[in-house]
Amino acid sequence: METFDVAIVGGGPAGSSCAAFCALAGLRTLVLEREKFPREKVCGDCLNPSCWPVLERLDLAQQVRDLPHSRLDSVEFIAIGGHNVIIDLPTSDDCEISLKRSLFDDLLLRRARELGVQICEEATVTALAYNGDWKIATVHGETFLARVLIGADGRNSTVARLRNLMPRLARERVALQAHIPLPRNFGKRVVLQFLREGYSGQAPVNETELNLCLVGTPPTISRLRHWAERHFDITTSHPWRTITPLTRSPVPCAHKDLLFIGDAARVVEPFTGEGIYYALGSGELAANAITKIIRGEDRQLALREFIRASAEMYRGRLWINRLARAAVLAPRVGAFFVQAARFDPAILKVLTAKIVSPKL
Ligand SMILES: Cc1cc2nc3c(=O)[nH]c(=O)nc-3n(C[C@H](O)[C@H](O)[C@H](O)COP(=O)(O)OP(=O)(O)OC[C@H]3O[C@@H](n4cnc5c(N)ncnc54)[C@H](O)[C@@H]3O)c2cc1C
């Protein structure tokens, strides 16, 4: 049986980018993905401008721009009572866009395949054993061997669970997401709306569809859904996707021959729409570390550098995430923030600029 240099569990943005960068470095790379692509995923579908440099390095930026998308020109914060503040977004070529994850994730995975990565779809990983090399088993009874393993399998990471690394989850919130017909005159704005029961994110993903996300707690989520059905005139039978948790403690990202990237390593509050950037960025950083390990360079040094660079990527940004979480966990606080910003929008402008400014 062939031994891969690296096996990556999960073909989302973290897994695909890591796989593509590993293949570019000449590593024999395997991706095991649970779903058959293209597939949708619970997400606000907004691509933070920081993603562009990583996409350029994957030679994908133009192909992403060629997919159906919306160029977002402003963000509108709406308080519980309906008061709002609109902040303009930069509108350069490298601006914030929104596009369906089915299209974006499929493009990334196809790029990895094009670069020589072996990709197995509908291959849910169910068991792992480490004996100098990794033996990885899927639900259909196939087994694969690899020298390094990457957990890129999202916030409910099976790899972390199987290695007893998954933090205990507190009682958590839940998100619902749907694509619905784009309301007339919605424009090219992202809406972040505080509601008594949680919050809602809305963004047009093309000329005809709106991405609608709702975040609440298990007892309140059905009220949020009823609000959305009334507000957007959606039938009660409209299909919604769902996911939980919205927050959890990070999983340490580097172990012997095992690395975690993207949501599997650290889940960030969706409100600021940066998760895809962290997924792509950590995928590239992990590929750099694995390349050094496989080439026989100092393993400890490569892992330390990966840990340092990962921490650096989040540094100076987690406080924004904490602030966003505080605002959304207490929607009245968030609403107060929006009220205050109506009289002095400087704070929201600074925060928004920080979120949409290029990071790599
Ligand atoms: C409500 C909400 C809104 C959001 N909005 C935004 C936004 O607008 N912009 C933004 O940048 N981020 C947003 N995010 C965050 C973003 O969705 C994630 O950060 C991003 O998807 C992480 O990418 P990933 O590759 O780490 O994980 P994922 O995208 O979750 O990919 C993991 C992959 O692993 C596969 N997998 C899982 N288990 C297994 C297994 N056992 N075997 C094989 N494969 C497996 C899954 O099928 C999946 O394809 C949002 C999140 C939520 C919850």
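All residue numbers in this chain count up from 1 along the given sequence. The basis for the numbers below is simple: all heavy atoms, side chains too, and nothing from hydrogens, waters or symmetry mates. Both counts, for ligands and for their atoms, begin at 1 and track the order of listing.
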N or O contact, [X] vs ligand 1, cut-off under 3.5 Å:
X	value
Val125	yes
Ile261	no
Phe37	no
Gly44	yes
Thr158	yes
Gly15	no

Looking only at non-hydrogen atoms, which of [options] approaches [atom] most closely?
atom	options	result
atom 13 (C) of ligand 1	Ser17, Cys43, Gly201, Ala279	Cys43
atom 44 (N) of ligand 1	Arg161, Arg34, Gln177, Arg173	Arg34
atom 28 (P) of ligand 1	Glu274, Glu35, Lys41	Lys41
atom 51 (C) of ligand 1	Glu96, Glu269, Arg39, Arg155	Arg155

Is the shortest side-chain heavy-atom distance between [X] and [Y] below 4.5 Å?
X	Y	answer
Leu58	Leu108	yes
Met313	Ser282	yes
Leu27	Thr291	yes

Inset, instruction - Tell me whether the guanidinium CZ or amine NZ of Arg266 lies under 6.0 angstrom from the six-membered ring centre of Tyr314 and within 45° of its axis. - result: yes
Atoms of ligand 1, numbered as shown, that sit under 4.0 Å from any heavy atom of [X]:
X	value
Ile243	53 (C)
Asp263	18 (C), 19 (O), 20 (C), 22 (C), 26 (O)
Ala175	1 (C)
Arg101	16 (C), 17 (O), 20 (C), 21 (O), 29 (O)
Ala152	32 (C), 33 (C), 34 (O)
Gly10	33 (C), 34 (O), 35 (C), 44 (N)
Cys46	7 (C), 8 (O), 9 (N), 10 (C), 11 (O)
Gly262	26 (O)

Legend entry - ring-ring contact (aromatic ring centres under 6.0 Å, His included) partner of Phe194, the single match among Tyr199, Phe77, Phe271: Phe271
At what distance is the nearest protein heavy atom to [atom], and which residue and atom is it?
atom	value
atom 25 (O) of ligand 1	Ala14 N, 2.9 Å
atom 12 (N) of ligand 1	Gly275 N, 3.3 Å
atom 11 (O) of ligand 1	Ile276 N, 2.8 Å
atom 49 (O) of ligand 1	Glu33 OE1, 2.8 Å
atom 31 (O) of ligand 1	Gly12 CA, 3.6 Å

Under 4.0 Å between a side-chain nitrogen and a carboxylate oxygen: does that hold for [X] and [Y]?
X	Y	value
Lys100	Asp105	no
Arg110	Glu114	no
Arg184	Glu207	no

Legend entry - Pro204 and its side chain to side chain contact (heavy atoms under 4.5 Å, CB included) partner, picked from Asn211, Asp45, Leu72, Val191: Leu72
Legend entry - Phe104 reachable from Phe21 in the ILVMFWY side-chain graph, under 4.5 Å edges: yes
At under 4.0 Å between heavy atoms, which part of [X] makes contact with ligand 1: side chain, backbone, both or neither?
X	result
Asp45	backbone
Ala123	backbone
Ala203	neither
Leu32	backbone

Inset, instruction - For atom CG of Asp233, decide whether the heavy atoms of other residues, nucleotides or ligands shown that lie under 6.0 angstrom number more than 12. - result: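 Atom CG in Asp233 is not crowded, with 12 or fewer foreign heavy atoms closer than 6.0 Å.
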Legend entry - Lys188, NZ: over 12 other non-hydrogen atoms inside 6.0 angstrom: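 Count over threshold, so yes.
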Inset, instruction - Can you see which heavy atom on Phe37 is nearest to which on Glu121, and at what distance? - result: N-OE1, 2.5 Å
Legend entry - Set of residues satisfying ring pair (Phe, Tyr, Trp, His ring centres under 6.0 Å) with respect to His255, sequence neighbours excluded: Phe260
Legend entry - Those residues that, when tested against Lys41, pass salt bridge (Lys or Arg N to Asp or Glu O under 4.0 Å) (two or more places apart): none
Inset, instruction - Could you tell me how the ring of His238 sits relative to the ring of Trp240: parallel (under 30°), tilted (30 to 60°) or perpendicular (over 60°)? - result: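 Aromatic pair His238/Trp240 classed perpendicular.
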Legend entry - Heavy-atom gap Asn48 to ligand 1 smaller than 4.0 Å: no
Inset, instruction - Report yes or no: does a heavy atom of Ser282 sit under 4.0 Å from some atom of ligand 1? - result: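 Contact check Ser282 vs ligand 1: negative.
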Legend entry - Distance in Å, Asp106 CG paired with Glu40 CD, rounded so as to fall on 0.5 Å steps: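 If I round to the nearest 0.5 Å, the distance is 10.5 Å.
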